[in-house]
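Counting begins at 1 with the first residue of the sequence.
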Amino acid sequence: MKNGSAARALLDDHLFFEYKEITVYLLTKYRRPLSMKLSFLHCLVLSFEVLRVAGGPGAGQNTWERFNKLPFPEDEAFLYSTFPEGFMWSVGSAAYQSEGAFEKDGKGLSVWDTFTRGGNRIATGDVGSDSYHNIHGDIRALQKLGVSHYRFSFSWPRIFPNGTRSSFNEAGVSYYRNLIQRLKEIGVQPIVTLYHWDLPESLQRTYQGWINPVVVDFFKDFADFCFREFGDDVKYWITIDNPFVVAWHGYGTGLVAPGMKGDPGLPFRVGHNLLKAHAAVWHLYDEQYRPKQGGQISIALASHWIRPIKTRRESIQACQCSLNFVLGWFAKPIFTDGDYPLCMKSNLSSRLPSFTEEEKRAINGTADFFALSFGPVLSFHLINESLKFGQTEDLDLRRLLYWIKAEYDNPRIFIVENGWFVNGNTKTEDPKHMYYLKRFIMETLKSITYDNVRVMGYTAWSLVDGFEWSREYGIRRGLFYVDFDSPNLKREPKTSALFYQKLIEKNGFPLLPENMPATGVFPCNFAWGVAANSIQVEVTPSQFIDPNVYIWNVSGNGELKKLSEARVSSRRKTHCSDYAAIRYQVSQIRRMHVSHFHFFLNWSSILPTGKVSEANTTLLGYYKCFAAELLQGNVTPVVTLWHRTAKHSGLPASMDAKKGWQSMETVLAFVKYARLCFKHLGDHVKMWITLNEPNMGNPEYMVGHHLLKAHALAWHVYDKEFREAQKGQVSLTLHMDWVEPAYSFSRDDVEPAIRVLDFRIGWFAEPIFGDGDYPEGMRKWLQQRNTLDLFGYHLPVFSEKDKKLVRGTYDFFALSHFTTTLVFERVEEKLHYDDKLEVHYLLDNTWVRSRGRVPVVPWGLRKVLNWVKTKYKNVPIYIMANGVDEDQARLQDNLRIYYIYNYINEALKAHLLDGVNLQGYFAYAFNDQSDPGFGLY
């Protein structure tokens, strides 16, 4: 059985179980890998929640509590699955935004034609994207996308120029007849909106528009004509788009046409008439046209999502009231009982009109499906904080879908408008829009799969760039780019269009082999380790007054004993300060069953003055004892000589004062420091890291040059003076978070990622593991940028002697990896922009995030490992640090368990499937001492 059906069957057979008993039963009976168990448990929890849902007013209030209880982070993880067969994939547009030809072929003026000519408005929709003259361009765009449905609107004043049948315009009717015929030819079904905000100006001027109930009759007559004329070919109708914006902002705030404001009761009178107009048209279709035409009809209702600022009941009730004031204003009368939400009635008193019992019956049930609009249109307009009731607006389509299911008795839902936007200067590359689409579509898929919400279709908004209402041409929402300055307003597909095309072709996100968990084992000698920035050094010089005090051994039963001098010679002995502290730390490490422990020395503490002759031998002794005790516990010590932190350079103060790594004196001092450590600790340490993450941050190129020399010189010291006797290995650790192209539709899209990898990783990796010099792409890029000598990005030059010195100074490739970033270029927006590399950084909205908002992207580790394998001839690789920050108050650290499991699984894939020479994995970090939130302790 599939997970969901299995969970439901389990419920049927074991209803007498308590929830925890079922959980234990599940995890013990179904012996599967951890990921499958978690998925199964996830479905079980969701099934419980589905059984608890009861539709009706107020039932949606359990939504916030429900989603807080779902398993984290499994519930937020990406879902590889496909949509139900027959799912309706659509794209949309609106007449005033796209048609243009505002006075062509007898069209009358709309309220938007006059509104955009008043006040401080500077742009109009007179041309828009000129769809009136470019049907063939829109049809080609629809064919390329592969959608099954196209939502567009009839312009009321194009068909009835003055709003009444007496002004019938044949040219307008011919335009829509031709459009529908072309859609039939390419197999795309039309979804027609009768009113998308473009009220005939004549009706506004003569009757004050929707304020006057007489407009209800005019609208019904217009709808009657459209049903009669086009109904045989149109099976999905939307009466009115987003009545909230029409009422609240058209007749309240004045932000949109017709721009009326000042009367606080006016929006609610307009909303009253809009509901009556919709109901009248629905009954008209239901009684006179449905029997023959067999279509369906609804009203497009827009909503935001709102989250409580606190978990208190009062905050959740405020969220419920916020949704009722926006979505419930129109949804409750239609989908529940013909009347307004109680929250509105109690807060608005005399402002809110009342329905008669007859009117309630007429309005209730007038929708064949729930048509939902979600995205920036409402977010742009929902600026009145009073409608948020002190809570926080959020973009969460999945929770809204569940709320609708609970609140309105599980209706079929058609998402008739959804998407995002980009800057008006953006051309064909719009990764931000693409990833918002991915996020919203993923939330829709989870809503169907996990929450059993009956979503029947999805409409991306919009087909082409056009006039964006109050934002005019300042933003773009089209999947196809329109050059508004070109003679024919040519359409070009954006990256979002290519993404949507492929998504429709696959009907979702099918599980690919590379996304499936691997099963297998690492080699027997695989190094399982844990890393710590530092160890808890608890020693003072006074502890070493009597060196004979600290001669210890551990008996077979674990009892700590003081040995007599006579017995010391015959037993393994360790001269240690504060042995109890060391033993406690080692016992914690041994509890983890790791084979290796990676810790960092403190250069500035070992050599406070920077001089080897004035070394802190007490501290060196402590490190020696710690390493020896690790070995006695069968744990191999791995030691790093230098690392910087966010606050400290890791250098002795005297060197910091002399320009630090900018000076060759520091390089030579490091070599002496390394020799000292090799000499004192080398008998116990067989794996050395000279420098930890020297490529982190933004060091100057000369600093990087000196760091490379420091590493190389230290490596040669070990190789010549200590390797033969100590039999150890030496390398450096590079920080290697992965960089993925934000889109990979052409070779050009990959180049920004290659550039970033050259600068971040190749900068240090190529000189050591490659040919002894910096990456060619890096040098060429900086040379190009320095043509005018304005930027000062000068990359030092290696002499042939230096190349020989640096090249090959490694025994293995050590890397630290935590997350992945998306990168792209050639976009005008400056958000997360890297001036030096001329690239933008972006995060996928579907990625799980940590407490610190760091993305959890396991497959990035596999790509890193393969990058190293490909570039450097199957070099032995150690993952020296890999981990995630977790809320320190959550001792269960579910995110860390999820993180480590999935990242190790990607490492296993790299080893088993890709042949990567992976030798070890170190979790980061041992405890929270240096990096709060990262610790396993």
Minimum heavy-atom distance between [X] and [Y], given as atom pair plus value:
X: Pro876; Y: Asp811; result: CG-O, 4.4 Å
X: Ser731; Y: Ala814; result: OG-N, 4.5 Å
X: His711; Y: Thr809; result: NE2-O, 2.7 Å
X: Ala712; Y: Val806; result: CB-CA, 3.8 Å

Quiz prompt | Parallel, tilted or perpendicular: rings of Phe440 and Phe374 (30°, 60°) | solution =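 Perpendicular: the ring planes of Phe374 and Phe440 meet at over 60°.
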Self-check item: Parallel, tilted or perpendicular, as decided by the 30° and 60° cut-offs, for the rings of Tyr743 and Phe824
Solution: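 The rings of Phe824 and Tyr743 sit tilted, inter-plane angle from 30° to 60°.
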Quiz item: Can Lys804 be said to sit on top of Phe798's aromatic six-ring, NZ or CZ under 6.0 Å from centre and within 45° of the ring axis?
Solution: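 The answer is no; the distance or angle limit is not met.
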Quiz item: With Asp885, which of Asp928, Val854, Leu895 fulfils side-chain contact (heavy atoms from CB on, under 4.5 Å)?
Solution: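 The side-chain contact (heavy atoms from CB on, under 4.5 Å) with Asp885 is passed solely by Val854 among Asp928, Val854, Leu895.
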Practice problem: Applying side-chain contact (heavy atoms from CB on, under 4.5 Å) between Phe670 and each of Leu713, Leu641, Leu707, report the one that passes. | Solution: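 Exactly one candidate clears the test, Leu641.
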Quiz prompt | Steps toward salt bridge (charged side-chain N to carboxylate O under 4.0 Å, His left out) verdict (Glu443, Arg439) | solution = CA-CA 6 Å; Glu443 289 178 355; Arg439 168 183 171 174; 3.3 Å; yes
Using side-chain hydrogen bond (donor to acceptor under 3.5 Å, both in side chains) as the criterion, list what pairs up with [X], not counting sequence neighbours.
X: Arg862; result: Asp914
X: His596; result: none
X: Tyr774; result: His705

Quiz prompt | side chain to side chain donor-acceptor pair (under 3.5 Å) contacts touching residues 917-926 (sequence neighbours left out) | solution =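 Every pair satisfying side chain to side chain donor-acceptor pair (under 3.5 Å) with a residue in residues 917-926: Asn533-Tyr924, Asn882-Tyr921, Asn917-Gln919, Tyr924-Asp931.
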Side-chain donor/acceptor pairs under 3.5 Å, residues 504-512, sequence neighbours excluded:
{"unit_1": "Glu505", "atom_1": "OE2", "unit_2": "Lys502", "atom_2": "NZ", "d": "3.4"}
{"unit_1": "Asn507", "atom_1": "OD1", "unit_2": "Trp89", "atom_2": "NE1", "d": "3.0"}
{"unit_1": "Asn507", "atom_1": "ND2", "unit_2": "Phe83", "atom_2": "O", "d": "2.8"}

Practice problem: Measure from the side-chain N and O atoms of Asp893 to the backbone N and O of Arg896, and report whether any donor-acceptor pair falls under 3.5 Å. | Solution: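 Between the backbone of Arg896 and the side chain of Asp893 there is no qualifying donor-acceptor contact (under 3.5 Å).
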Quiz item: In this structure, which one of Arg644, His643, His735 forms a side chain to side chain donor-acceptor pair (under 3.5 Å) with Glu693?
Solution: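 That would be His735; it is the only one of Arg644, His643, His735 passing the side chain to side chain donor-acceptor pair (under 3.5 Å) with Glu693.
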Side-chain donor/acceptor pairs under 3.5 Å, residues 757-773, sequence neighbours excluded:
{"unit_1": "Glu766", "atom_1": "OE2", "unit_2": "Tyr872", "atom_2": "OH", "d": "2.7"}
{"unit_1": "Asp771", "atom_1": "OD1", "unit_2": "Asp773", "atom_2": "N", "d": "3.1"}
{"unit_1": "Asp773", "atom_1": "OD1", "unit_2": "Arg779", "atom_2": "NH2", "d": "3.1"}

Quiz item: Below 4.5 Å, heavy atoms only, C-beta onward: do Val884 and Tyr898 meet side chain to side chain?
Solution: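 Result no, sub-4.5 Å side-chain heavy-atom pair not found.
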Quiz item: Under the salt bridge (charged side-chain N to carboxylate O under 4.0 Å, His left out) criterion, do Asp465 and Arg476 qualify, and how do the steps go?
Solution: CA-CA 5 Å; Asp465 291 331; Arg476 292 175 180 264; 2.6 Å; yes
Quiz item: Is any side-chain N of the basic residue among Glu514 and Lys909 closer than 4.0 Å to the acidic one's carboxylate O?
Solution: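 Salt bridge flag = no for Lys909 with Glu514.
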Exercise. Run the salt-bridge test on Lys446 and Asp75 with the 4.0 Å N-O cut-off and return the result as yes or no.
Key: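 Result for this pair is no, no salt bridge flagged.
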Quiz item: Distance only, no hydrogens: is a donor on one side chain within 3.5 Å (strictly under) of an acceptor on the other, for Asp430 and Thr495?
Solution: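 Side-chain D/A pair, Asp430 to Thr495: present.
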Quiz item: Is there a side-chain hydrogen bond (donor to acceptor under 3.5 Å, both in side chains) between Asp802 and Ser799 once you walk through the steps?
Solution: CA-CA 5 Å; Asp802 287 340; Ser799 66; 3.3 Å; yes
Exercise. Inspect the surroundings of NZ in Lys780 and state if more than 12 heavy atoms from other residues, nucleotides or ligands are less than 6.0 Å away.
Key: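 No.
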